[in-house]
Amino acid sequence: MASITVMLSTLSAAVVIGWSAQHRPIQVLHLAGPGPRVLVVGCIHGNECEGMVVVNALLRTHPREDLWLLPDLNPDGYDIRRRLNANGVDLNRTFPNGRQPETRVAVALIRRIHPDVTIWFHQAENRVRAWGGSEAVARRYARLSGMRYASVNWPTGAATRWQNTALHEKAFVVELPAESLDPWQIQAQVRAVLGVATVG
Ligand SMILES: [Zn+2]
């Protein structure tokens, strides 16, 4: 783990920070910037992964934020387009102490980089969701992206619940629509990610 920690702080290319239950790599990309630290998770439920398209587009930007991109936290689920991981577990009900390898990877990353804002992409409610201390920043994201907003309490074991309540970080959910994003929708998401933490 020590060598991984060193790599995370020095490389901007994709870095493998851990492995899924079926030993697929879980990668992070870091676009270093001076601004607030923003973590974007493109996929946690393997059949709700359109956020990976947004992550891809973010890779071509030069953010003021200190941007951390985790394209796919559930590569086993994504491989068969299933919500759960290879052990049949909903990862977003296992934070922070779940025994799933993917959960441990995410918890270790979040504890290490301590993001100011974390955006978790899901589908397919087509709205931004938040609760408590993250409501204001999530409303701003909704405004910047042109999406609807709703205040909905977090399920037990959700990553956002852990980050909001235990870590006092601002973390919220962007539920993309069911269908693939068109180029304009992708740009709207990129604009929102790059503006949510820095716009006054
Ligand atoms: Zn989901």
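In each ligand, atom 1 is the first atom listed, and ligand 1 is the first ligand listed.
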query = Listed by chain and number, what are the side-chain contact (heavy atoms from CB on, under 4.5 Å) partners of Ala178, not counting sequence neighbours?
reply = Ala124
query = side-chain contact (heavy atoms from CB on, under 4.5 Å) with Pro75: which residues, sequence neighbours excluded?
reply = Ser20, Arg24, Ile26, Asp72
request  = Going by the side-chain hydrogen bond (donor to acceptor under 3.5 Å, both in side chains) test, name the single residue among Glu175, His45, Arg129, Arg83 that passes it with His122.
outcome  = His45
query = Does the pair Glu65/Arg37 count as a salt bridge with the N-to-O cut at 4.0 Å?
reply = no
note = Within less than 2.8 Å of the Zn ion (ligand 1), the count of protein N, O or S atoms comes to 3
query = Would you say the side chains of Gln163 and Glu169 form a donor-acceptor pair under 3.5 Å?
reply = yes
task = Sorted by first residue and then second, give each salt bridge (charged side-chain N to carboxylate O under 4.0 Å, His left out) pair with at least one member in residues 145-161; sequence neighbours left out.
result = none
